[in-house]
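Worksheet for the structure shown next.
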Amino acid sequence: MAETVGSKQVIQGEDIIVVVDGKPTLHATTHSLKVDLEVKDIRTKDTNGKEKYPGDISWSVDGEGLVVIDSALSTSHKSSEDVLNLVLSKSQVEVIIKSPVSGLTKNYKGNAYVTSFSLGTPAGDNATYSYTFTGSGDLTAVTPQSGGSGSGGQS
């Protein structure tokens with residue numbers, strides 16, 4: 001949950017989740033959203049130096065999670081095997097970055113492909129998986145539906 005420090009609300013990592021085709025990724029440990037704006041150069045004989053103008057925007061979401069078999073969540077979350085199958089089937093999915101914390105007024109939504117998947121299986125430690133969703137088209141800000149579901153404690 002968000003932590004209150006004085007008059008400020010500090011958002012914790014657990015407060016922001018990634019939802020793939022309506023389901024959070026199972027036992028996620030980290031997510032990161034990256035948005036890049038391509039900047040193009042204009043230089044003509046009439047200018048002194050290069051002028052810049054905005055080009056295309058690209059975006060991606062990287063994530064990691066624990067490999068867990070959890071029958072209680074098997075139909076409500078995307079497992080590591082589900083994510084791997086998205087790569088193998090070359091399926092496009094809807095990705096939503098959201099938070100149930102009041103005060104965060106926007107979710108971010110777009111279509112993407114899983115372009116990278118890896119499985120880590122170190123001896124004597126937890127098996128983990130990681131992935132990259134690469135956006136296909138726009139990432140748009142959307143206002144959350146009131147009464148929407150939270151992360152349910154698992155993401």
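These numbers come from a predicted model, not from an experiment.
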Exercise. Keeping the roles fixed (side chain from Trp59, backbone from Gly137), state whether a donor-acceptor pair exists under 3.5 Å.
Key: yes
Self-check item: Under 3.5 Å side-chain donor-acceptor pair for His27 and Asp70
Solution: yes
Quick check on [X]: does its [atom1] atom have over 12 non-hydrogen neighbours (other residues, nucleotides or ligands) under 6.0 Å away?
{"X": "Lys50", "atom1": "NZ", "result": "no"}
{"X": "Asp138", "atom1": "CG", "result": "no"}
{"X": "Glu81", "atom1": "CD", "result": "no"}
{"X": "Leu88", "atom1": "CG", "result": "yes"}

Quiz item: Rest of the hydrophobic cluster containing Tyr53 (Ile/Leu/Val/Met/Phe/Trp/Tyr, side-chain heavy atoms under 4.5 Å)?
Solution: Ile42
Quiz item: Residues sharing Leu66's hydrophobic cluster, by side-chain heavy-atom contacts under 4.5 Å among ILVMFWY, directly or via others?
Solution: Val68
I'd like to check [X] versus [Y] (side-chain heavy atoms, cut-off strictly below 4.5 Å). Are they in contact?
{"X": "Lys52", "Y": "Asp41", "result": "yes"}
{"X": "Val18", "Y": "Val20", "result": "yes"}
{"X": "Val83", "Y": "Ser80", "result": "no"}
{"X": "Phe133", "Y": "Thr115", "result": "no"}
{"X": "Leu139", "Y": "Val35", "result": "yes"}
{"X": "Val61", "Y": "Ile97", "result": "yes"}

Excluding sequence neighbours, so at least two apart, what forms side-chain contact (heavy atoms from CB on, under 4.5 Å) with [X]?
{"X": "Ser7", "answer": "none"}
{"X": "Thr47", "answer": "Arg43, Thr44, Glu51"}
{"X": "Ser89", "answer": "Ser91"}
{"X": "Ser60", "answer": "Lys34, Thr132"}

Quiz item: Residues two or more places apart in sequence or in another chain: which of them pass side chain to side chain donor-acceptor pair (under 3.5 Å) with Asp36?
Solution: none
Quiz item: How would you list, by chain and number, every residue that makes a side chain to side chain donor-acceptor pair (under 3.5 Å) with Ser74, sequence neighbours excluded?
Solution: none
Practice problem: Determine, step by step, whether His31 and Ile16 satisfy the side-chain contact (heavy atoms from CB on, under 4.5 Å) criterion, reporting the C-alpha distance in whole Å, the side-chain angles of both residues, the deciding distance to 0.1 Å, and the verdict. | Solution: CA-CA 8 Å; His31 294 112; Ile16 299 175; over 6 Å; no
Quiz prompt | Verdict with reasoning, Val93 to Asn111, per side-chain contact (heavy atoms from CB on, under 4.5 Å) | solution = CA-CA 6 Å; Val93 295; Asn111 291 321; over 6 Å; no
Quiz item: Does the pair Ser76 and Lys23 meet the rule for a side-chain hydrogen bond (donor to acceptor under 3.5 Å, both in side chains), with working shown?
Solution: CA-CA 6 Å; Ser76 62; Lys23 298 178 182 181; over 6 Å; no
Practice problem: Assess whether side-chain contact (heavy atoms from CB on, under 4.5 Å) is satisfied between Val67 and Thr128, documenting all intermediate values. | Solution: CA-CA 5 Å; Val67 177; Thr128 61; 5.6 Å; no
Quiz prompt | side-chain contact (heavy atoms from CB on, under 4.5 Å) evaluation trace for Ser58 with Glu38 | solution = CA-CA 8 Å; Ser58 60; Glu38 176 187 13; over 6 Å; no
Quiz item: Got a sec, which residues hit salt bridge (Lys or Arg N to Asp or Glu O under 4.0 Å) with Asp46, two or more places apart in sequence or on another chain?
Solution: none
Quiz prompt | Residues which pass salt bridge (Lys or Arg N to Asp or Glu O under 4.0 Å) with Lys40, listed by chain and number, not counting sequence neighbours | solution = none
Separation between [atom1] of [X] and [atom2] of [Y], rounded to the nearest 0.5 Å:
{"X": "Ser99", "Y": "Ile11", "atom1": "OG", "atom2": "CD1", "answer": "6.0 Å"}
{"X": "Asp15", "Y": "Lys98", "atom1": "CG", "atom2": "NZ", "answer": "13.0 Å"}
{"X": "Leu73", "Y": "Ser79", "atom1": "CG", "atom2": "OG", "answer": "11.0 Å"}
{"X": "Thr140", "Y": "Lys106", "atom1": "OG1", "atom2": "NZ", "answer": "10.0 Å"}

Self-check item: Residue pairs fulfilling ring-ring contact (aromatic ring centres under 6.0 Å, His included) with at least one residue in residues 103-123, sequence neighbours excluded
Solution: none
Quiz prompt | ring-ring contact (aromatic ring centres under 6.0 Å, His included) involving Tyr129 - partner list, sequence neighbours excluded | solution = Tyr131
